[in-house]
Amino acid sequence: MKILFLDQSGKLGGAELSLTDVAKSYRENCLVGLFADGPFRELLEQEQIPVQVLATEQIQVSKDSNILQSLVSISSIAPLITRVAKIAHHYDLIYANTQKALVIGALASFLRRRPLVYHLRDILSADHFSATNRRIAVTLANRFASLVITNSEATKAAFIEAGGRSNIVEVVYNGFEPEKYLAQESNYNQIRQQLGLDEQFVVGHFSRLSPWKGQHILLEALVHCPDDVTAIFVGDALFGEQDYVEHLHQQVAKLGLKERVQFLGFRSDVVPLMSACDLIAHTSTAPEPFGRVIVEAMLCGRPVVAAEAGGAIELVETGKTGWLVPPGNPQQLAEIITTCRHQPEATMMIANQAKDIATQRFDLSNINQELAQLLGCI
Ligand code: UDP
Ligand code: GLC
């Protein structure tokens, strides 16, 4: 089966990292079409996955745009639809990985009479999308998609709640290659030394800097933790959230946390950095659709505390594979951090248990097989 994958972004978000893992199985028979250039294209080339940048200008469909803005933007994307429809002639299936890819992919699939698969990685709720954009996504998926793959039960439930057809949805979790996450003790010491954190209890936060990812919640929690608890923030503002970055730096200064916080920016060496942490915190204030960082922490053998909403609830079981705390609650987060700080053995037992379970549950080859079976039925 020849697949034309479509993704709106040139950046490396979770949706793009996951698509790379999916497309690997089809590298002989696929093309990934991007609507923007950037490090995602470089990663695909590195992985020897055929890729083509199909548009160089940003398409103006923002998360909160209204119907008028959306229609205006659709007229500006007409050439892209034509281009995708032309390319789709050489493929059996169009696989849209993001919302804007769905808009283009749906129309191209109609013009070219190719089946459409929509990999839905967002929770279609008011927390994340305007009513207009929810309606557009659901209408296009219902009308044009033969299959909607969601990255969690939570994403599936939100799709149905927003009016999506339940008979076209299947849940497929993100897959991972466990061998890529094997921690090395030498990394642990070396990185902690480099960061000047030898003696500290290090809480790692790995996510793009964005208000709903809740980095500010971890900062607030630090104030309620013992003094030797420090935090490293790995990730950058990927989608223009510079105001939030500014806000975080002000918050650090205001709370007197300068000595206990480091912002490391976007890093491609997430595994060694995670392995150098004593605990990984996930703090999204709105429901996380899946949350790759949670599984990655588990595979690195690091304990994880996550916000109890969305897909995170399907990944973490409190006291067995980590801890869940109510979203946006710095006090309860601080309590868990402090418990982990004081009970290293019990904490590591949970981390080891989570590692075993995650290794089985999210194995990439099994997940890609599941996907292949679903695609084979179209
Ligand atoms: N990530 C990365 N470098 C960074 C920060 C994050 O490579 O500096 C990766 C992280 O390891 C994870 C992905 O970006 O695989 C984020 O995916 P997730 O599902 O957690 O959240 P998203 O940003 O897609 O909502
Ligand atoms: C999206 C979601 C994230 C998920 C990722 C991979 O970026 O925000 O929660 O883990 O897709 O499916």
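Order of listing sets the numbers, starting from 1, for every ligand and every atom in it.
- Short contacts between ligand 1 and Val270, defined as distances under 4.0 Å to a heavy atom of the residue, involve ligand atoms 1 (N), 2 (C), 3 (N), 7 (O), 11 (O).
- Asp228 has a carboxylate O that lies under 4.0 Å from a charged side-chain N of Arg341, or vice versa, which qualifies the two as a salt bridge.
- For Arg121, the closest heavy-atom approach to ligand 1 does not fall below 4.0 Å.
- Of all atoms in ligand 2, numbered sequentially from 1 with element shown, those under 4.0 Å from a heavy atom of Arg292 are 10 (O).
- Atom 1 (C) of ligand 2 has its closest protein heavy atom at Arg121 O, 3.5 Å.
- In terms of protein heavy-atom proximity, atom 7 (O) of ligand 2 is closest to Ala15 N, 3.6 Å.
- Which of His205, Glu296, Lys213 comes nearest to atom 21 (O) of ligand 1 through a heavy atom is settled by distance: it is Lys213.
- For atom 9 (C) of ligand 1, the nearest protein heavy atom (residue, atom name, distance) is Leu17 CD1, 3.7 Å.
- Residue-ligand proximity, Asn174 to ligand 2, at heavy-atom distances under 4.0 Å covers atoms 6 (C), 12 (O).
- Within the 4.0 Å heavy-atom cutoff, Gly291 counts among the residues contacting ligand 2.
- Remark: distances from the non-hydrogen atoms of Ser18 to ligand 1 are all 4.0 Å or more.
- The atoms of ligand 2 that sit less than 4.0 Å from any heavy atom of Phe290 are 4 (C), 9 (O), 10 (O).
- The aromatic ring centres of His119 and Phe5 sit 6.0 Å or more apart.
- For a threshold of 3.5 Å applied to N or O pairs, the pair formed by Gly14 and ligand 2 contains no separation below that value.
- Ligand 1 is never approached by Phe290 to a heavy-atom distance shorter than 4.0 Å.
- Within 6.0 Å of atom CD in Gln194, more than 12 heavy atoms from other residues, nucleotides or ligands are found, so the atom counts as buried in its surroundings.
- Residue nearest to atom 4 (C) of ligand 2, selected from Asn151, Thr155, Val293: Asn151 (by heavy-atom distance).
- Checked by distance only, ligand 2 and Arg208 stay at 3.5 Å or farther apart across all their nitrogen or oxygen atoms.
- Ion pairing between a basic and an acidic side chain is recognised when a charged N comes within 4.0 Å of a carboxylate O; Asp278 and Arg192 show such pairing.
- Closest to atom 5 (C) of ligand 1, if we only count protein heavy atoms, is Val234 O, 3.7 Å.
- Protein heavy atom at the shortest distance from atom 3 (C) of ligand 2 is Glu288 OE2, 3.4 Å.
- Listed by atom number, the atoms of ligand 1 under 4.0 Å from Val293 heavy atoms are 10 (C), 12 (C), 20 (O).
- By the criterion of a heavy-atom distance under 4.0 Å, both the backbone and the side chain of Arg292 are placed next to ligand 1.
- Side-chain contact, His282 with Ser207: no donor N or O sits under 3.5 Å from an acceptor N or O.
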